[in-house]
Number of protein chains: 2
Amino acid sequence: MDHIPIKVGKNLKSIRKSRDLSLDKLAELTGVSKAMLAQVERGDSNPTISLLWKIANGLRISVTTLIAEETPQVTLVRFGELEPITEEEEGYKAYPLFPFDAKTHFEVYTVTVEPGCSHQSEPHQEGVEEFVIVTQGALDLQIGDEAYAVEQGDAVRFNADQGHIYVNRSDRPAWLQVIIRYPF
Amino acid sequence: MDHIPIKVGKNLKSIRKSRDLSLDKLAELTGVSKAMLAQVERGDSNPTISLLWKIANGLRISVTTLIAEETPQVTLVRFGELEPITEEEEGYKAYPLFPFDAKTHFEVYTVTVEPGCSHQSEPHQEGVEEFVIVTQGALDLQIGDEAYAVEQGDAVRFNADQGHIYVNRSDRPAWLQVIIRYPF
DNA sequence: AATAATCGTATATTATATTGTACAAAATAA
DNA sequence: TTATTTTGTACAATATAATATACGATTATT
């Protein structure tokens, strides 16, 4: 048996054990037969890509997690020590939590948008993506010609090579977590 | 036929064409039969993980590249539609906002930790980093032998190849944004 | 302690992945 | 133009993936 079905088996067993799931339970979650799951875990069978997909979906993980091979400081950021980036619009502030770095190729901000404030972002270079999570309040997000009402707890991912505008039409401040990912 | 073998077929054909390779040549490079390669490209067959591995190796690409899905221009995620991942600890829930993808190499969760709850995460593979932002409440984060008090608005970045424990000792729920970044 | 439920594994059966080969159409060489 | 080579597809044979079911061992319940 090739090495990769063995690796898949180890990864799967490890995940299953960490979640304290029986093969029966996993069969329920994934729609794959218990006997097949056992074979896969033991590296006795070479699963098809659809089967791995079913397993990954049932476990709410990605297929990549199942095929991943092994390859091991702590940074604590205090909000009170962050110096916000402000713009001409008084009601928009961006607190840089994690700066861009060559390894991750993304940066993370906490952003606040006061009631009535509207903030326009210029298009980034092609390939840049933004992930916006509204952790408090609500936001209207205009991306190109479309407008999206983003409620508390909701999240949006979009290509940031389009102009986009953050608008807070509510009467409470909006708090966002923003991840900006740059292409390699 | 499931959608993923169809996706694999499209990706493979696209790569092969971009390199101006015939099926015969690809069969030579990969050690997979020409007939099978044709079936895979047409989405007529559901390849095993070993077969994908052989194809990827022959082409000097990763398996992930073969299974990658295109991302839409804008993805809006509604919190109310998310199915949380729960574990044996009753008070810990992880809502998957953005799943892992071959391009970004990270996944994003909203996590809730109820008062008094303690959640242990097994060490990830080496090279995996976690970014944890506390957007509501407070958290004690134990990483290896160290403990960190993380207040609202604070954030932590750490290598997730160490065991780590989320503990909510306060009397309010803690809400976190968690980014898990996997090495390329 | 006895009984029931659960667990992972073994086995036989069915479904399908994978190969080798043949073929017709298209492309290339003479 | 004709002959040859290359290409992707069709098909049958072989190998193996995936399932349903049964089983013995272990755990949980009565």
What's the [atom1]-[atom2] distance between [X] and [N], to the nearest Å?
X: A:Ile49; N: C:dA17; atom1: CD1; atom2: C1'; answer: 14 Å
X: A:Met36; N: C:dA10; atom1: CE; atom2: P; answer: 15 Å
X: A:Lys25; N: C:dC7; atom1: NZ; atom2: P; answer: 9 Å
X: B:Lys54; N: C:dA17; atom1: NZ; atom2: C1'; answer: 12 Å
X: A:Arg16; N: C:dT9; atom1: CZ; atom2: C1'; answer: 12 Å
X: B:Leu23; N: C:dC23; atom1: CG; atom2: C1'; answer: 16 Å
X: B:Glu41; N: D:dT7; atom1: CD; atom2: P; answer: 13 Å
X: A:Asn46; N: C:dA17; atom1: CG; atom2: P; answer: 12 Å

Can you confirm whether the side chains of A:Thr135 and A:Gln152 place a donor and an acceptor under 3.5 Å from each other? no

Please check if the side chain of [X] supplies one atom and the backbone of [Y] the other of a donor-acceptor pair under 3.5 Å.
X: A:His105; Y: A:Tyr182; result: yes
X: B:Glu107; Y: B:Phe98; result: no
X: B:Asp140; Y: B:Ala147; result: no

Report yes if a side-chain nitrogen or oxygen of B:Arg42 is closer than 4.0 Å to either non-bridging phosphate oxygen (OP1 or OP2) of D:dG8; otherwise report no. no

When you match B:Ala38 and A:Leu37 each to their closest nucleotide on DNA chain D, which lands nearer the 5' end? B:Ala38

5' precedence on DNA chain D between B:Thr48 and B:Lys13 (nearest-nucleotide basis): B:Lys13

Any base atoms under 4.0 Å from A:Ser33, or only sugar-phosphate, or nothing? Heavy atoms, all strands. base

Has the side chain of B:Lys34 got a donor or acceptor atom sitting under 3.5 Å from an opposite partner on the base of C:dG20? no

